[in-house]
Amino acid sequence: IYRGFLFNKNYHNFNATVLNNVTHIRNFTAGPLFLLNNGWIVPDPKATAKSIETITNNLGKLKDRDLDAYFIRLQGLGVVNTQVEANFLTETYRIATRSGSLEKWTDDFSKKVTDSFTRGKISVSPVSAIKGVAKGAKNVYVAEDNFWKIAYFEMEKKAWKKAQPTWTNEQIENKVADIVRNTIPNYDMIPQFWEGLKYIPFGKFWAFKYEQYRTATNSFILGAEQIQ
């Protein structure tokens, strides 16, 4: 019963976020507001171009070695693929379906549905096609978040190179990654208590509210530090 309620909650949350075109627009347009809140009125053209190039390569699986290496480095720094809602949906679906992952559960469910109607005579399932659409929508949802985090990372990196010319590139990237993680909502930064609320079989994204307060507080602290 519990898993049923949890699955139902995530089904509705998934439809309200990843599969909702209005939420996609809101998700993408929220990025510039976080940048504005941290002192960046106009996004830097070069940083934006770098972000577009990286996201296009990642989404389109273009396999550019330099861009792939760059994206992996950002992952290691905790900058990208940390979208709060998408990560919560993935984890809670895993719990609700007891299958290890949403993809595995959908594959199993798809096969059962197809076999029940065709007795295994066809290999292509409509449910598999739906799964592909849902997975693609989720990837785009995460990419919308990554786009502004990459641009923000590049803008801060450029600023810190000027402010600290004696620092190594590693020192600067670690400092900038810390700023990005702490001033834009980040799944990896959620405390255990708030993360545990995903087990509640009702409500929406409890932890995102926490992240809004955390990043707003950190932006204020960062601004005060940089003024001094």
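Numbering of residues begins at 1 and proceeds along the displayed sequence.
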Provide the closest heavy-atom pair for [X] versus [Y] in the form atom of the first, atom of the second, distance.
X      : Y      : answer
Thr183 : Leu222 : CG2-CD2, 4.1 Å
Asn20  : Val22  : OD1-N, 2.8 Å
Trp40  : Glu156 : NE1-OE2, 2.9 Å
Ala137 : His24  : O-CE1, 3.5 Å
Thr29  : Pro32  : O-CD, 3.2 Å
Pro185 : Thr215 : N-CG2, 3.5 Å

Are any non-hydrogen side-chain atoms of Thr168 and Glu173 less than 4.5 angstrom apart?
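No - every pair of side-chain heavy atoms lies 4.5 Å or more apart.
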Are any of the side-chain heavy atoms of Lys209 and Gln212 separated by less than 4.5 Å?
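Touching, per the 4.5 Å side-chain cut-off.
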Using a strict threshold of under 4.0 Å (side-chain N to carboxylate O), is an ion pair present between Glu211 and Arg214?
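Between Glu211 and Arg214 there is a salt bridge, with a charged N closer than 4.0 Å to a carboxylate O.
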Nearest 0.5 Å, what's the [atom1]-[atom2] distance between [X] and [Y]?
X      : Y      : atom1 : atom2 : value
Thr54  : Leu74  : OG1   : CG    : 7.0 Å
Trp167 : Ile172 : CH2   : CD1   : 7.5 Å
Lys175 : Gln164 : NZ    : CD    : 9.0 Å
Leu77  : Arg181 : CG    : CZ    : 7.0 Å
Ile184 : Lys149 : CD1   : NZ    : 6.5 Å
Lys50  : Lys157 : NZ    : NZ    : 8.0 Å

Should [X] and [Y] be regarded as members of a common hydrophobic cluster, given that ILVMFWY residues are connected when their side-chain heavy atoms come within less than 4.5 Å of each other, either directly or indirectly?
X      : Y      : result
Val80  : Leu35  : yes
Val180 : Met189 : no
Val142 : Val79  : no
Tyr187 : Ile72  : no
Phe153 : Ile55  : yes

Can a donor-acceptor pair be found, under 3.5 Å and without considering hydrogens, that links the side chain of [X] to the backbone of [Y]?
X      : Y      : answer
Asn58  : Phe71  : no
Asn218 : Asn182 : yes
Asn27  : Tyr141 : yes
Ser51  : Phe147 : yes
Glu154 : Thr48  : no

Check the surroundings of atom CG in Leu33: do more than 12 heavy atoms from other residues, nucleotides or ligands lie under 6.0 Å from it?
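Above 12, so yes.
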Please identify which of these residues, Asp66, Ile52, Asp64, meets the side chain to side chain contact (heavy atoms under 4.5 Å, CB included) condition with Asn57.
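Answer to the side chain to side chain contact (heavy atoms under 4.5 Å, CB included) test with Asn57 among Asp66, Ile52, Asp64: Asp64.
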